[in-house]
Amino acid sequence: MTIERYSRIIGTGSAFPERLVSNEQLVQELAGRGIETSDDWIVERTGIRQRYLAEPEVSSSMLGARAARNALEAAGIEAASIDLIIVATSTPDYVFPSTACLVQKALGITGGAAFDVQAVCSGFVYAMTAADSMIRSGVASRALVIGAEVFSRILDWNDRGTCVLFGDGAGAVVLQAADAPGILACRLHADGSQEHILRTAGNVAGGAVQGHPFLTMDGQAVFKLAVSALDAVGRETVAAAGLTLDDVDWLIPHQANVRILQATARRMGIGADRVISTVSQHANTSAASVPLALDLAVRDGRVKPGQRILMEGVGGGFTWGAVLAQM
Ligand code: UT7
């Protein structure tokens, strides 16, 4: 008889830079640059009230390593037992080596696999799917899956349509091999023909930035695609596990805009009381948003052992995906 192998979340953790910036503070800072915005506009259009912004010396690997340590502590395990680190980030410390290798170094461990995943705001669900597959196939036994971002570095602070939307931070989970799920189903998608609606279309070559080094976005196009993608992939993932949306205890979508969360939940027939929303506190932290929301809800006692959580990502690429997990 073959014993099925699964993966299971055994700990979660978060990290933020020290600087907490309220809408009012940001409005003042932007006014100093001649950029006009308001707390009312930001709250009404996005639900965001504050964000953490990294000091120049703080990097994705530093935030990722801190989140990882918190997740290891929550799981009650030593870093030395980790044999896989995947970091989802679009704001890596370097061109190379990967942010995952820098996190491994910061944790003082060697030998296991470490690599980055680049799927922008869907990065965490892409990384979870990769880690789950690697654990189930026997390539790894205990993984750190991290979403870590310093999106403030790629924002054009003269573009009020984007600079008020994002924040910095990192969230992490420890995923461990188990003989019962755990991760019930994962589904991933991409549509590269939509790459132009959300991108940072620059790179480093010949010692200089080539192209455009700041994030640009067609907000309304992203909004429409995001809602339909989150609805469709959520349904697909739950069905793949032989379940229905009524079997989901908590929906944890990518935290980009409270209106996207509300529209998605409405389409899925999931009440607001079953949706974890952190966008007001953290703003959009890209690949970090889902693990940060998960950690918050685990630590405040909303997400309980045995419950089913549907985590969903959507973002640049265009990419989207979902992971259904039993805690
Ligand atoms: O993580 C990746 C996924 N990203 C997303 O999911 C973002 C998706 N998109 C959105 O969340 C929304 O489209 C935004 C929040 C980005 C924008 O909201 P919107 O309701 O689509 O506004 P809009 O872009 O249509 O802009 C409406 C007005 C414009 O003025 P006019 O042309 O109507 O006079 C903008 O210039 O709001 C103006 N505006 C602002 N006003 C004050 C844009 N940004 C600002 C601002 N403060 N910060």
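Counting starts at 1 for both ligands and their atoms, following the listed order. Below, each value reflects all heavy atoms present in this structure, side chains not excepted, and no hydrogens, waters or symmetry copies.
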> Does the pair R19 and E29 meet the rule for a salt bridge (Lys or Arg N to Asp or Glu O under 4.0 Å), with working shown?
Replying inline: CA-CA 14 Å; R19 196 158 76 98; E29 282 178 32; 3.6 Å; yes
>> Check contact between S286 and ligand 1, using heavy atoms of the residue and a distance below 4.0 angstrom.
In response: no
> Taking atom CG of D116 and atom OG1 of T99, what is their separation to the nearest 0.5 Å?
Replying inline: 4.0 Å
>> With heavy-atom distances below 4.0 Å as the criterion, list the atoms of ligand 1 near G161.
In response: 44 (N)
> For ligand 1, which atoms sit closer than 4.0 Å to a heavy atom of R45?
Replying inline: 19 (P), 20 (O), 22 (O), 27 (C)
>> When you compare the side chains of H196 and D218, does any donor N or O come within less than 3.5 Å of an acceptor on the partner?
In response: no
> Just which atoms of ligand 1 are under 4.0 Å from any heavy atom in G219?
Replying inline: 8 (C), 9 (N), 13 (O)
> Between the side chain of T12 and the main-chain N/O of V173, is any donor-acceptor distance below 3.5 Å?
Replying inline: no
> In the protein, what heavy atom is nearest to atom 10 (C) of ligand 1, and what distance, to one decimal place, separates them?
Replying inline: N257 ND2, 3.6 Å
> How far is atom 38 (C) of ligand 1 from its nearest protein heavy atom, and which residue and atom is that?
Replying inline: R160 NH2, 3.7 Å
> Any idea which atoms of ligand 1 are less than 4.0 Å away from a heavy-atom of V222?
Replying inline: 3 (C), 4 (N), 5 (C), 6 (O), 8 (C)
> Which of the atoms of ligand 1 are close to Q220, meaning less than 4.0 Å from one of its heavy atoms?
Replying inline: 13 (O), 21 (O), 23 (P), 25 (O)
>> Which option wins on minimum heavy-atom distance to atom 6 (O) of ligand 1: V27, I260, I48?
In response: I260
> With no hydrogens and no angle check, do the side chains of R51 and N23 hold a donor and an acceptor under 3.5 Å apart?
Replying inline: yes
> Is the side chain of R49 donor-acceptor paired with the backbone N or O of V43 at a distance under 3.5 Å, no angle test?
Replying inline: no
> With backbone taken as N, CA, C and O and side chain as the heavy atoms from C-beta onward, which portion of L198 lies under 4.0 Å from ligand 1: side chain, backbone, both, or neither?
Replying inline: side chain
> With respect to atom 1 (O) of ligand 1, which of D218, T319, L261, N284 exhibits the smallest heavy-atom separation?
Replying inline: N284
> For ligand 1, which atoms have a heavy atom of V164 less than 4.0 angstrom away?
Replying inline: 48 (N)
> Salt bridge or not for R66 and E18, using N-O below 4.0 Å?
Replying inline: no
>> Please list the nearest protein heavy atom to atom 17 (C) of ligand 1 with its residue and the distance rounded to 0.1 Å.
In response: W41 CH2, 4.1 Å
> Is atom 36 (O) of ligand 1 in close reach of the protein, with a heavy atom under 4.0 Å away?
Replying inline: yes
> Just going by heavy-atom distances, which of T46, L230, L30 is nearest to atom 15 (C) of ligand 1?
Replying inline: T46
>> To check your reading of the model: name the closest protein heavy atom to atom 18 (O) of ligand 1, its residue, and the distance in Å.
In response: R259 NH2, 3.5 Å
> If hydrogens are left out, which of N23, T37, L215, L165 has an atom nearest to atom 16 (C) of ligand 1, that is, the closest non-hydrogen atom?
Replying inline: L165
>> If you apply the rule ring-ring contact (aromatic ring centres under 6.0 Å, His included), what do you find for F16 with H282, and how did you get there?
In response: CA-CA 9 Å; F16 293 101; H282 305 162; 4.7 Å; yes
> With atoms numbered from 1 as shown, which atoms in ligand 1 lie under 4.0 angstrom from a non-hydrogen atom of C121?
Replying inline: 1 (O), 2 (C)
>> Side chains of T278 and Q281: any donor to acceptor distance under 3.5 Å?
In response: no
> Just which atoms of ligand 1 are under 4.0 Å from any heavy atom in M217?
Replying inline: 4 (N), 7 (C), 16 (C)
>> Quick check on atom 31 (P) of ligand 1 - does any protein heavy atom sit closer than 4.0 Å to it?
In response: no
>> Under a 3.5 Å cutoff, is there a donor and acceptor pairing between the side chains of D159 and T162?
In response: yes
> Going by atom types alone, do S81 and R142 pair a side-chain donor with an acceptor below 3.5 Å?
Replying inline: yes
> Does the side chain of T46 reach to within under 4.5 Å of the side chain of V279, using non-hydrogen atoms?
Replying inline: no
